**Q** 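Sharing a structure below in structure tokens format, with a few things to ask.
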Amino acid sequence: MSTHPLLLEAHRLWEELAHAPRSFPTAGGTRVVVSPESRLCPPGWVGVVALGGSALVTVETESTAATVRGALAGLTAEALVDAAAVREVLPVTGVLGPAALSYASPEGFRPVTGPSRAERLPGGHPALRALEEAAGQDDSAEASLDDITSPAFVVLEHGRVVAAAGHRAWPRRTAHLSVLTAPEARGRGLARTVASAAVADALAAGLLPQWRARLPASRRVAAALGFEDLGAQLSLELVRDEPTRP
């Protein structure tokens, strides 16, 4: 599968999450749509997804849409997922992201072969919770291992899970990857080992593997496995107008 089909699949996925069918510009540019049910961002926020040089933006009301369209008109799709660039044209009070969005095809996937071997555990196994505790709240929240719907693919050392990966079912047969490594076991390629097993499992099931990452180290693991970086996601909270007093 080439970049073009991957990009089309990614467009359709995020349109479904945005509750805005066929709204993604396919020839560059930006489209702002009113979608109160959008899952691109928390309720009341502005959601932005840029993929392949085009951007889809969701807002909750028509009045916000008018403001956002005018403010973002001079920005490229890439700039729309740059929080600093957006802050220059919109009154932003809160930001989530940006997170890079990468996808893997059967042809592009590069499985890992090495000294460590990934084993399977049930997704809700207590050993995964122990790994999350060891990794800390921030890293565990980023990985979201507790959300996976697949088996967990793990590396065990002395009976303890030191790295784990799995995938969660998203719309349009998408497999959203989760990867976590214990702090003392990082830098040894274990994230690649467990992630490789999880991606192979997703591809064998005919799913589209998606890697969403904010941290450079996570993006490097994705690139090593053959994921193609197609864009990014950003959520913005805008200053709310004070209600007019009678």
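Remember, it's a predicted structure, so these values are computed and weren't measured experimentally.
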**Q** On a heavy-atom basis, which atom in G94 and which in V92 lie closest, and how many Å separate them?
**A** O-CG1, 3.4 Å
**Q** Thinking salt bridges, do E157 and R188 make one under a 4.0 Å N-O criterion?
**A** yes
**Q** What are the two closest non-hydrogen atoms of A169 and T149, and how far apart are they?
**A** N-OG1, 2.9 Å
**Q** Ignoring hydrogens and geometry, is there a side-chain-to-backbone donor-acceptor pair from H158 to R160 under 3.5 Å?
**A** no
**Q** Please check this pair: side chain of R192 against backbone of L225, looking for a donor-acceptor N/O pair closer than 3.5 Å.
**A** no
**Q** Quick one: does S144's side chain have a donor or acceptor within less than 3.5 Å of a partner on D147's backbone?
**A** no
**Q** Indicate yes or no: does R168 engage D146 in a salt bridge with an N to O separation below 4.0 Å.
**A** no
**Q** Roughly how far apart are S102 OG and L230 CG, rounded to 0.5 Å?
**A** 6.5 Å
**Q** What's the shortest heavy-atom distance between V199 and P209, and which atoms?
**A** CG1-CG, 4.1 Å
**Q** Short question: side chain of S35, backbone of A18 - any donor-acceptor pair under 3.5 Å?
**A** yes
**Q** Linking I/L/V/M/F/W/Y whenever their side-chain heavy atoms sit closer than 4.5 Å, directly or via other members, would L208 and L56 fall into one cluster?
**A** yes
**Q** If hydrophobic clusters are built from ILVMFWY residues whose side chains come within less than 4.5 Å, do L177 and I148 share one?
**A** no
**Q** With side chains defined as the heavy atoms from C-beta onward, is the minimum distance between T193 and F153 less than 4.5 Å?
**A** no
**Q** Looking at Q137, I'd like to know if its CD atom is crowded, meaning that more than 12 non-hydrogen atoms belonging to other residues, nucleotides or ligands lie closer than 6.0 Å.
**A** no
**Q** Please work out which of the three classes, parallel, tilted or perpendicular, describes the rings of W211 and F227, given edges at 30° and 60°.
**A** perpendicular
**Q** If hydrophobic clusters are built by linking Ile, Leu, Val, Met, Phe, Trp and Tyr wherever their side-chain heavy atoms come under 4.5 Å apart, do V155 and V179 end up in the same one?
**A** yes
**Q** Find out whether L180 and S140 are in side-chain contact, i.e. whether some heavy atom of one side chain is under 4.5 Å from a heavy atom of the other.
**A** yes
**Q** Rounded to the nearest 0.5 Å, what separation is found between the NE2 atom of H167 and the CG atom of L203?
**A** 9.0 Å
**Q** Give the minimum heavy-atom separation between A197 and A118, together with the two atoms involved.
**A** CB-CB, 3.8 Å
**Q** Atom NE2 in H11, atom CZ in R172: separation rounded to 0.5 Å?
**A** 12.0 Å
**Q** Below 4.5 Å, heavy atoms only, C-beta onward: do Q233 and W14 meet side chain to side chain?
**A** yes
**Q** In terms of ring plane angle, is the pair H176 and W170 parallel, tilted or perpendicular, where the classes change at 30° and 60°?
**A** parallel
**Q** State, yes or no, whether a side-chain contact exists between V162 and T181 at a heavy-atom distance under 4.5 Å.
**A** no
**Q** Count the heavy atoms belonging to other residues, nucleotides or ligands that lie under 6.0 Å from CZ of R219, then report whether that count exceeds 12.
**A** no
**Q** Would you kindly say whether S38 and T58 are connected by a side-chain donor-acceptor distance under 3.5 Å?
**A** yes
**Q** If I take atom CG from residue L215 and atom CD from residue E142, how far apart are they, to the nearest 0.5 angstrom?
**A** 5.0 Å
**Q** Sorted by first residue and then second, give each salt bridge (charged side-chain N to carboxylate O under 4.0 Å, His left out) pair with at least one member in residues 121-133; sequence neighbours left out.
**A** R129-E132
**Q** Taking the side chain as every heavy atom from C-beta outward, state whether P122 and P151 have any atom pair closer than 4.5 Å.
**A** no
**Q** I'd like to know if the side chain of S23 reaches the main chain of A20, judged simply by a donor and an acceptor atom lying under 3.5 Å from each other, with no hydrogens or angles considered.
**A** yes
**Q** Hey, could you give me the CD/NE2 distance between E9 and H4, rounded to the nearest 0.5 Å?
**A** 11.0 Å
**Q** Main chain of L40, side chain of S235: is a donor-acceptor contact present, judged purely on distance under 3.5 Å?
**A** yes
**Q** Membership question, hydrophobic clusters at under 4.5 Å side-chain separation (ILVMFWY): are V59 and L234 in the same one?
**A** yes
**Q** Measuring only between side-chain heavy atoms, which start at C-beta, is L7 closer than 4.5 Å to P5?
**A** no
**Q** Assess whether side chain to side chain contact (heavy atoms under 4.5 Å, CB included) is satisfied between L128 and V154, documenting all intermediate values.
**A** CA-CA 9 Å; L128 300 178; V154 306; 4.0 Å; yes
**Q** What I want to find out is whether R39 reaches E15 closely enough, with some N-O distance under 4.0 Å, to be called a salt bridge.
**A** no
**Q** Nearest 0.5 Å, please: how far is CG in L51 from CG in D229?
**A** 9.5 Å
**Q** One pair to check against side chain to side chain contact (heavy atoms under 4.5 Å, CB included): V34 and E60. What are the steps and the verdict?
**A** CA-CA 6 Å; V34 178; E60 198 166 54; over 6 Å; no
**Q** Go through the side-chain N and O atoms of Q210 and Y103 and say whether any donor and acceptor fall under 3.5 Å apart.
**A** yes
**Q** If only atom types and distance count, is the side chain of T30 paired as donor or acceptor with the main-chain N or O of A55 below 3.5 Å?
**A** no
**Q** Are there over 12 heavy-atom neighbours, none belonging to R214, within less than 6.0 Å of that residue's CZ?
**A** no
**Q** Do you reckon W45 sits in the same ILVMFWY cluster as V95, going by side-chain contacts under 4.5 Å, direct or chained?
**A** no
**Q** Where do A127 and L121 come nearest, in terms of heavy atoms and distance?
**A** CB-CD1, 4.4 Å
**Q** Which pairs would a plain distance check flag for residues 70-86, meaning a side-chain donor or acceptor within less than 3.5 Å of a matching protein atom at least two apart in sequence or in another chain?
**A**
from : atom 1 : to  : atom 2 : distance (Å)
T76  : OG1    : A79 : N      : 3.1
D82  : OD1    : A84 : N      : 3.0
D82  : OD1    : A85 : N      : 3.4

**Q** Checking side chain to side chain contact (heavy atoms under 4.5 Å, CB included) for the pair T174/L207: CA distance, chi angles, key distance, verdict?
**A** CA-CA 5 Å; T174 301; L207 305 178; over 6 Å; no
**Q** Could you pull out the closest heavy-atom pair between P42 and L96, with the gap in Å?
**A** CG-CD1, 3.8 Å
**Q** Would you say the side chain of L238 lies within less than 4.5 Å of the side chain of V68, judging by non-hydrogen atoms?
**A** yes
**Q** Check step by step if side chain to side chain donor-acceptor pair (under 3.5 Å) holds for T67 and T64.
**A** CA-CA 5 Å; T67 300; T64 304; over 6 Å; no
**Q** Within the supplied structure, the quantity of interest is the number of heavy atoms (other residues, nucleotides, ligands) at a distance under 6.0 Å from R12 CZ; does it exceed 12?
**A** yes
**Q** Looking at side-chain heavy atoms only, is the closest gap between S196 and F109 below 4.5 Å?
**A** yes
